[in-house]
Chemist: 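Encoded as structure tokens, here's the structure I'll be asking about.
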Amino acid sequence: MSQGAADERLRLFFALLPPPPLAAALAGRAAELAGEYGGRALPAANLHMTLLFLGDVGAARLPVLNLAASSAAAAWRPFTLQLDRLGYWPRQQLLWAGLQQAAPELSDFSAYLRSTVEKAGFSIGDAGRAFFPHLTLLRKPGRTPPDGLSLTLPAWPVSGFALLASTRTAAGASYRPLAVWPVP
Ligand code: 2AM
């Protein structure tokens, strides 16, 4: 391995990836919203729900991170999500899909993953930011979307989580799965 590769830093986060039919439906809704309000709709391949954002991590630490995530995966309890809410954050200029009903298994798992990863020596990207489950659909709309936009989608039986690396490009960020943990 070259010195450059050993020193490589990756912008990492753990996320849930919607199954392809749901991702396609979400991307369709995102494109519709971009048609109405402007902005950049995320393509299906980039759609995800962040569980835990780490930020920059040295590539050499990936094996330890993978081990920590595998041990956290053992605590997974199965759950299904219903994405049935659209919201808009004006400061981030971000339109997202989320949940009307809290999903305790999801927030419990995010918290458990966080404590496992912290015990393994990793720091969390923005430790003060509370976990708020959402899936970004659209960035920087030209006009502010109104409240109460509808979202009707099939249920999402969550079947695993992934570790993703984010790369910024001129066309926006793109996300590359580095590892996936299927769960029962
Ligand atoms: P966003 O979609 O709300 O922007 C990759 O950047 C993923 O990590 C995105 O889902 C992004 O959320 C999230 N993310 C980026 N910075 C973050 C931070 N400081 N804390 C928590 N999540 C963050």
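Atoms within each ligand, like the ligands themselves, are counted from 1 in listed order.
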Chemist: Enumerate the atoms of ligand 1 whose separation from the nearest heavy atom of H134 is less than 4.0 angstrom.
Modeler: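 Near H134, meaning under 4.0 Å from one of its heavy atoms, ligand 1 has 1 (P), 2 (O), 3 (O).
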Chemist: Answer yes or no: is there a side-chain heavy-atom contact under 4.5 Å between W96 and R85?
Modeler: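 Yes, side chains in contact.
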Chemist: Heavy atoms only: which of F53, F13, F14, Y175 is nearest to atom 14 (N) of ligand 1?
Modeler: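 Considering heavy atoms of F53, F13, F14, Y175, the nearest to atom 14 (N) of ligand 1 sits in F53.
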Chemist: Just which atoms of ligand 1 are under 4.0 Å from any heavy atom in R139?
Modeler: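 Checking each atom against R139, I get 1 (P), 2 (O), 4 (O).
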Chemist: Answer yes or no: is there a side-chain heavy-atom contact under 4.5 Å between W76 and Y112?
Modeler: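 No - every pair of side-chain heavy atoms lies 4.5 Å or more apart.
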Chemist: Give the residue, atom name and distance (to 0.1 Å) of the protein heavy atom nearest atom 19 (N) of ligand 1.
Modeler: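 Looking only at protein heavy atoms, the one closest to atom 19 (N) of ligand 1 is D126 CB, 3.3 Å.
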Chemist: Check the pair R139 / L42 against side-chain contact (heavy atoms from CB on, under 4.5 Å), numbers first and verdict last.
Modeler: CA-CA 8 Å; R139 293 190 191 275; L42 271 76; 4.3 Å; yes
Chemist: Heavy-atom contacts with T50 under 4.0 Å: which atoms of ligand 1 show up? List them by number with element.
Modeler: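 By the 4.0 Å cutoff, the relevant atoms are 7 (C), 8 (O), 9 (C), 10 (O), 13 (C).
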Chemist: Taking the side chain as every heavy atom from C-beta outward, state whether L151 and D84 have any atom pair closer than 4.5 Å.
Modeler: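 Contact flag for L151/D84 side chains = no.
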Chemist: Give a yes or no on whether the backbone of L137 and the side-chain of R29 come within a donor-acceptor separation of less than 3.5 Å.
Modeler: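 Judged by distance alone, no pair lies under 3.5 Å.
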Chemist: Will you find, in the side chains of W181 and S70, an N or O donor that is under 3.5 Å from an N or O acceptor?
Modeler: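 On atom types as modelled, these side chains qualify, holding a pair under 3.5 Å.
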Chemist: Under 4.0 Å from a heavy atom of H48: which atoms of ligand 1 are those, numbered in the order shown and with their elements?
Modeler: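 Those atoms are 7 (C), 9 (C), 10 (O).
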Chemist: Looking at ligand 1, does any of its N/O atoms fall within less than 3.5 Å of an N/O of W89?
Modeler: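 No - when backbone and side-chain N and O of W89 are compared with those of ligand 1, no distance drops under 3.5 Å.
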Chemist: N/O of T136 under 3.5 Å from N/O of ligand 1, yes or no?
Modeler: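 Yes - when backbone and side-chain N and O of T136 are compared with those of ligand 1, one distance drops under 3.5 Å.
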Chemist: Is any side-chain heavy atom of L135 closer than 4.5 Å to a side-chain heavy atom of W156?
Modeler: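 When only atoms from C-beta onward are counted, W156 and L135 do touch, with a gap below 4.5 Å.
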Chemist: Using a 4.0 Å heavy-atom cut-off, say whether L164 meets ligand 1 through its side chain, its backbone, both or neither.
Modeler: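 No part of L164 comes within reach of ligand 1.
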